[in-house]
Each structure stands twice: as structure tokens, then as C-alpha cells.
Protein chains: 2
Amino acid sequence: MAALRLAIGSAGRRSGVLALLGRPAGGALEVCPLLAGHVRQSSAVSARRGGVTASKAEDFSSWYTQVITKSEMIEYYDISGCYILRPWAFSIWEKITEELDLRIKREGVQNAYFPCFVSQDALEAERSHVEGFAPEVAWVTRSGTSDFKSLLAIAVRPTSETIMYPAFAKWIRSHRDLPLKLNQWSNIVRWEFKQPTPFLRTREFLWQEGHTAHATREEAEDTVATMLDHYAEVYEQLLAVPVVKGRKSESEKFAGGQSTLTLEAFIPTSGRGIQAATSHHLGTNFASMFDISYEDAMGQRKLVEQTSWGFTTRALGIMVMVHGDDRGLVLPPRVAQLQAVIVPIYPKGKNGNASIDARCQDLRDSLRAAGVRADADLRANHSSGWKFHWWELKGTPLRIELGPRDLERGTCRVVRRDSGEGTDLPQADLGPAVQAELGRMHADMLGRATRERDGAIARVTEWGEVAGALSAKKLVLAPWGESAVSEEAIKEATRGELGAPSAPGELTGAMKSLCIPLEQPHLPPGTRCFWTGEPARRWCLFGRSY
Amino acid sequence: MAALRLAIGSAGRRSGVLALLGRPAGGALEVCPLLAGHVRQSSAVSARRGGVTASKAEDFSSWYTQVITKSEMIEYYDISGCYILRPWAFSIWEKITEELDLRIKREGVQNAYFPCFVSQDALEAERSHVEGFAPEVAWVTRSGTSDFKSLLAIAVRPTSETIMYPAFAKWIRSHRDLPLKLNQWSNIVRWEFKQPTPFLRTREFLWQEGHTAHATREEAEDTVATMLDHYAEVYEQLLAVPVVKGRKSESEKFAGGQSTLTLEAFIPTSGRGIQAATSHHLGTNFASMFDISYEDAMGQRKLVEQTSWGFTTRALGIMVMVHGDDRGLVLPPRVAQLQAVIVPIYPKGKNGNASIDARCQDLRDSLRAAGVRADADLRANHSSGWKFHWWELKGTPLRIELGPRDLERGTCRVVRRDSGEGTDLPQADLGPAVQAELGRMHADMLGRATRERDGAIARVTEWGEVAGALSAKKLVLAPWGESAVSEEAIKEATRGELGAPSAPGELTGAMKSLCIPLEQPHLPPGTRCFWTGEPARRWCLFGRSY
């Protein structure tokens, strides 16, 4: 129990904190197996709030389920693949949407809302698009007790290209109507049959989808790249998750689009890459299907160049997997609903103390005044030890302990969730010091995750090195010829790498192309494709993925 | 053309503004029949931007359709009852959601997100609830090309009580878990068969739904009333729409709830009342069905008292209907995306002027610095007259004209959209003056709408007065015995009041109970019900409605 070890690290605190372990806390004594020797109240509330028992390294899947449910991010639901986003998760999504919405609007994009239903005709207008999405579409065929008559069925949006673009065709006539830049925040339904995982693969999710139309290819490509940059900054600056910017291979690009830029994140524990956000250049494919054209300044009719780009609630799952540890969530400070929790430590044998509580409230108020999202946990029915564990499980970035000694000395102990490090800080003017600590914590979390990710990218030039890299839970950066045939063959050749072929719906051991990184290492002339032996075109990042 | 009349009202402006009518504006001259003699460019863009041709008083339905489409609030969609909320409408919804979200959070409510699908079992758990919603439910029965097997069908949420409350049952164990206060912003689907009307009655709409659980009935009732107050303040303080707070009759209350508080607005042009927002006390009805109980401080298990309350995009339709006029939208200043538009007026015969444009930009910047949402319309391809009409159609609260004389005198002309009144104001320190004008405009719009509404409530004590009041497009405030039988009979008796029985799906001429106002006029002892002649219980507001 690192928190406890740290809490008793300074000799001055030892007796007070150790006393927590054995004293009554407003109820009958009960040793809770989940909290490793800590004593807590036997109330119905606390009994079901167990800590995380699975080890992240040893049983990642159980660990993930425990962390997201016990920290109160997710509640399972009686329809498979659908989950409840509880306030602890939704508040993070709100922080992301605030920041992203601001960035999107600064790019001159306006928010709108399009219907969640699309007719079969419209959905099927773009052939490769519908081929990509049709297997996952949920169809409404009945209202009340009557089957639909006039329409065969209507689909719940799996994405909104085919919903928005008929309207684009109406709105765009002249070059003066361009660029048209719209965005919507909405729910999306994709009835996937792979094993669902909260946040990562769900049948309903939340996202933002931006859709723009431009007169020139250059402007469209700029938009695609700019939005990818915003997405990358949100991952790095808000979630402390490093991402690789790259381009999807032909077989991995968006169905119906011309090219797809992507952010790829990395989950060290599973050694898998994960698509973190995508930004598509649609070219004129949809424009020609939906007849979205404009009259240019010379009176010529031309098709518009389009883009679409999306950022989803998947980001929360990536954040949990990258940062969490065996004690629970570790929340990046900038998105945590609560950045600092103040926990009073009462004098030995006491179950409360008015001056300590009052000082905790003062500290909370001064932190809030300094812009820190802070609260004081003054609940009388839980011990300090119980609270330590509770807020660790919830991933709160900083715990601020305030006991009798602190009261005398005018200090408090600030303990970081990511590293467990504790520092005694003066109570006076605590706000700026706490802000600085939150800033350091963000930088450290991003730094650690980046080092882990970088250390897990094996640069490979020979096929023979691939299996070793995969079993060492690494991604593979290899010179590639970029043929679709080779991509399929590479998947096939690595499918058995995890041992037995995977069960239907389970994650596969096969390695696929994640992206061709935008920042390319030098490719010496004459370099051969690691699979075909033909001349390589670029370095490509491969790996197992979600 | 009131705007023009006012614009040429001051002698000094006359020549300049009249010159607009006959001069080329960057393209071929064309007299647009929709813009009543004003000259505009014959571009594809402007040609389809006609003004409103229907009269609000004479053809309200066409007027409404024209106003919401031509102002670019709404685009029709190929699935009946579904509409596209364009940025001009969605930005108003964003203003409402910002304010309401803040108020909801201040009440200690947290945002969350629950799935949009509900299983048949859960939906049907509360009998009167499902009876209320079942006929309107859209059912998903198929994904990809496969019909569902394990489930008969899943419903798209028509409201989320049955989605949320099984989780409430898991989360609530002890009195310490109460109150539980959650809210979500989401889309909702009700497959109505009455004639759809954008904003007012749509098969998909956006809303906020709050759901709380409490230990005591008093606390639940407080919450219900508090949320109704917030809703009323949003209507009055943001949308400048007056509302009556009241209680729904037994037959009009929320299906499955115990009692419903409501806001009723009034549309003078049609003489109809319209439900503007509702707040329900659910009592323990759902709690007993979903087993949501807690252990109180004495160790007793008790059912929670629940509330739910919602505010929808219908508000935008009410706002349009109450404030719009024959020139188009009139937007209440606090929700308008653009509060003030600066239109340059160039010297006679000129199609642009660098110093006027520069001054317009300065004014825009200084207004923005003062917190006014302002822009300058410097488009070279439209005349000033065209721009006047365009921004009138869009309902922009203030138009600020800046011409050569203004440049000389250091003034500009500020013209109000609601009244057409124009005032010459100094350019220097324009921000505070414009803010004050926006404030007066809001108060005047609310004042006018309130007077109209108050003037259209006929206090009636005899049944014989009802028909006259209805044909004078009034609501009826009458002493009522409150029996369900009488309510049905009143509807029946007034059904023919508009002449022929209405076609299926059309609005009916029948009068129904809107609400029993919370502020009751004095009811003299012995007052008789206006329908049954039995003793009256309270005054009730009746009327035709949407």
C-alpha cells in the first residue's frame, strides 16, 4: 500500500496515521479484505465499495472492468455493448468537449444538429461507404405496434455523412457558400459483434463529428491536418496520452473516403495499438454521389472537396488503460472533476475535530479561489484510511492531508496520485503551489507514458524480428511496400502469434497496419519491404490493436 | 417596409438610403419580388434567399414554415417529423443549454449519460408509464441484415425513467446515498402521428432530462418546484417569453408520475396555449416498480421519492411564434448568436469605401470588447438594402448603420429589430450604449408578450362565455370541479368550435385543461364549476393547444 507507506514516511506523522488502523470509525469494526488491513465501517455503502483486486499486469481485462466500475465511471447495462457513463466519467467527457468545442469554433466551424435517422436510400448512396457500415447498422422497423409501411426501415446513424450531405447539396450553390464547416455533438450507434468493451468498443458512443466542404483540395487537406493536430493536443495536453500522427493504409481508411489521417495511441499493458481519433479527406467521392457542387468565380460548376473528422468517448478508455494502476484510476489533472481532495486526520482516538474541519474548509475555499477543483472529505462515517483508498481508487490527482501537527505547524501534506510522492507545504498561499504540482503531475504522466510508448516501438527491418517484438508486447515500425495484398498476408501470418486462434469476437493476435507515421525516419535508398522484399515505400507502424 | 421607413426617417440620411434602391450592387440589376422593390444581385446565392411572403396574421402556418427555413434555422429532412437544426437555431439552443446547465449544476445535480436503448421488459415495468409512451415508441428489430434473436426488440428512448431507474436501484442503499441528482442532455425519439411541426412536435428532439431521488416527499416537491422556477426564468430571462406556472390535471399529468408541474406559454396568433416545460413528482410509483429503496438512519427500508423534469428544443418554436413578425424572425437579444450587425452605407454610386469599412471593423471590435456579439457585414456583392432585409429576416436584434455622414459626425444609427426604432449614437464608447439598448429590447419584448398574453386570458364563470372567448383567440380561466369526466366532456363539447371536425393529425379546435395556475385568483366561496355546476375547486386555465 504505497499511499500508506508514504503517509507514514515522515516520522512526525507515524503515530497519527497508524492509529487509523485500529480505531473505531463511527461504526462496528470490520476488516475489509479489499482494503488490505484497513479498518472501515460496516455500512451497506462502504461494504460494496471494494478496492481493485485484479492486477493490471496479470489480469488486464478484469483490472479494467474493476477500475471503471469501482471508481464509478461506468455502470453495466442490460443491453450488451451499452454502458452508463456515470458523472465521474461524464465530467471528463465534458472537460474534453469544452476544450474541443472551443478549438473547433476557433476554426470557424459552427455547431448544428442533424437527425439521428437515415433512410435506406440515403445510407446506400455511396457504395463503399455503405459496405463499410451496413453490417453494423441498427434498423428501426416498427413504431408502437405497427411495422413501417412507406419505408422499409430507417437506420440509426452509424456516422452522418449520408444524413448531412443531401443538405450540403441544397446549401452550396456558389463559391461564396464555401467553405461550409459544420460540427455536431451526438450519439452514434454501431451494432458491433466483436466483444464489447466499455469506452473502447460500444454499440452506442458519444462523439463529435465535423464535416466541411471546400473549393480546393489544398484547403480540405489543411482542414484534415489541422483537426488532427487539435485531436493530438487534446490527447497530450488534457489526457496526458502520447499519440502518433499518421496516415491509414488503403485498406484501413474510412469507407468511402479518399484518405484518412489517424492518431494511434499505445496500451503498454497489452502491447496493443489503438486508434485514438481520425480525420478524413473525402475528396469528391460523396460530392459526386450527392451532387454537391458550386459555381466558381468563372461560372464553372465544380464538385466540392470534403472532410469529416471525429473524436469519441473511446478516449476515456485509453486514458484509463494508459494511466491506471493497481490501486485504481489515475486521472490526468486537467480533466479530473476533482483535482485535490482534502482529508482531515483527527487526533488519536477522536472521530472528528472542529478546528481541523474548519481549516480543511478554509483550505478548500482558498484552493477554489485559486482555480483548483477542490473539495474536503469531511464525512464522519469513514476513517481517514478509508478515504485515502477511496480517492486513490477514484484517481484524484492530489490528496491533501491535514492533521493536528499540520494545524500547529501551518502545513499540510500533499500526496500525488501518480507517484505517491508526498510533500509538506505551507497552508498559506497553497493555491499556486497546488497548481504547480498539478502541472508537474501532468508533465510527468505524459513523460512516463511517452517513454513507455517509445520503448515499445521496435524498429524492424527483417520479418524474422516481428514475432519476438510482438511477444515482447511491442509495436513494429517497419519499411513497407504498402500493397493491400501484403497487408492481408501480414495479418494472416501473425494471426496465430498468441497461440490458439482467437474465439469469435475476441481480440486477435494478428498484427495489422496502424498508420504510416507522418514523421518518417530516414528510409535508406534500396530498403526492402520487411514482408515482400520488394522496394519499401515508407516506414509503417504495425501492431496488434483494439 | 418599416425598416426602410425608419431608415429614411431622419432627413439627413434620406438621399443616401434612397440611393440604395436604384444602384448596381456588384452584379446585374434585378428587382426581387420578395424584397418589395429593393435591388439586389442576381446571384444563385441571393436568388434563393427570398424574404417572408406569408402574413403572420393571415396564414400563420405558412408564415412559420417560411420564417424558420428562410432565416436558416431549420432545413427539412427526408424522414417525416425529423428536421435539421442549422447553426442559426442550434446556437440559440447552445445559449439555453449553457444557462440551464449552470443552473442545474448549482442545484447539486451532476451530468451523466445513459444508453439511448431500452429493452422491452424495462420499458414495460411501469404500467401507466408504458401505456403513455408505447404508441410512440420506435423499435429497433434488426442489425445489419439479421433480425434480433435474443431480444424481441429494443426501443429508442422516448424518455429515460425506465433506463435510469434500474441503476438507481443499484446505487441507492443507504440514506447517505441520497439525494441522488442526475441530469442528461440527449436526443429523444417519439414517433408521433399527429402532424409534425418543426420544434413543436417532432419525432426526434433534443432535451435535458433531470432525475432525482430523495428520502422525503418534501425534498422531492421542493426539487420539482425549483426546477420549474429555473425553466420559467430561462423562458422569461433568455427567450423573453412569459409563462404561467401551474399544475397539470390528473388526465394531463406525466404517465406514471404522481403530479406534474408545468409551464404554459401562449401563442397569440393562433390563440393556443402550449406546454413549455414540465417537472414531475413521481412519488414512489417508479421506486416500487424498480425497487429503489434505502435504509434510513433508524435501519428501516423505505422507498425513495423521485422527480423528473425536462426542457426541450420546443422552446425555440415558441420563441419564434411569439416574437416573429412579417419581416421574419425577431430574436431575443440574450440568445441571439449575433446581437448587433454593422452594415456600411457607401457614398452615392460607390460599391465600397475603405474608410467606412475600416470604421465598421473598429466598431465591431469595440463592441466585441464590450461583450456584444457583433459583426460587420462587409460583403461586396450585396447592397446595403439587401443586407438590411437579410438581417431582419434572420432576426438580429440590432442593426448598426454607418455611412459617410456618420463618419463625419462620429455617430452611427442603431436600429432595433423588434420596434424598428432608430437612434443616432456616438461611435465613441458605443459598447455600453448598445448593451443598454439590448437590455431595453429584452424588457420590451417580454413586456409586450406579457401584455398580449394577459389580454388573451378571459376569466369565465359561465359555460356560455367559452365559445366567444375561443373564437376571439383567447384562453379561458374558469372555476373548475377538476373531475376527469368533466375534462373529457369539455373537450368533446368544444371539439367542433373551429367548424368542421379536424382531419386526423391536425390541430383540434377542442379546448383542454392547460394547467391549474399556482397563483390562484380568489375563488369566492360557493363558486360553481363552469361545466358541471358543482362546487368549483380551483381556477383552471383552459384553451386550445399544440
Less than 4.5 Å to any heavy atom of chain B: does that hold for the side chain of [X], its backbone, both, or neither?
{"X": "A:Leu206", "answer": "side chain"}
{"X": "A:Lys105", "answer": "side chain"}
{"X": "A:Ala134", "answer": "backbone"}
{"X": "A:Thr141", "answer": "both"}
{"X": "A:Asp101", "answer": "side chain"}
{"X": "A:Gln184", "answer": "neither"}
{"X": "A:Tyr113", "answer": "both"}
{"X": "A:Tyr76", "answer": "backbone"}

| task | Heavy atoms only, distances under 4.5 angstrom: which of B:Ile163, B:Val156, B:Asn183, B:Asp121 has the most pairs with chain A? Name it, please. | result | B:Ile163
Sub-4.5 Å side-chain heavy-atom contact between [X] and [Y]:
{"X": "B:Trp93", "Y": "A:Asn111", "answer": "no"}
{"X": "B:Val118", "Y": "A:Tyr77", "answer": "yes"}
{"X": "B:Arg176", "Y": "A:Arg379", "answer": "no"}
{"X": "A:Val189", "Y": "B:Cys116", "answer": "yes"}
{"X": "B:Phe117", "Y": "A:Arg203", "answer": "no"}

| remark: Heavy-atom nearest pair, A:Ala112 first then B:Leu85, reads CB-O, 3.3 Å
| said: For B:Glu204 versus A:Pro115, what's the shortest heavy-atom pair and its separation? | reply: OE1-CA, 3.2 Å
| message | Taking B:Val140's backbone N and O only, do any of them form a donor-acceptor pair with A:Trp139's side chain (distance below 3.5 Å, no angle check)? | response | no
| note | Turns out that what part of B:Leu182 lies under 4.5 Å from chain A's heavy atoms comes down to side chain
| task | Find the distance between OG (B:Ser146) and CH2 (A:Trp191) and round it off to the nearest 0.5 Å. | result | 12.5 Å
| task | Would you give the length of the straight line joining atom CD of A:Gln110 to atom CZ of B:Phe90, rounded to the nearest 0.5 angstrom? | result | 11.5 Å
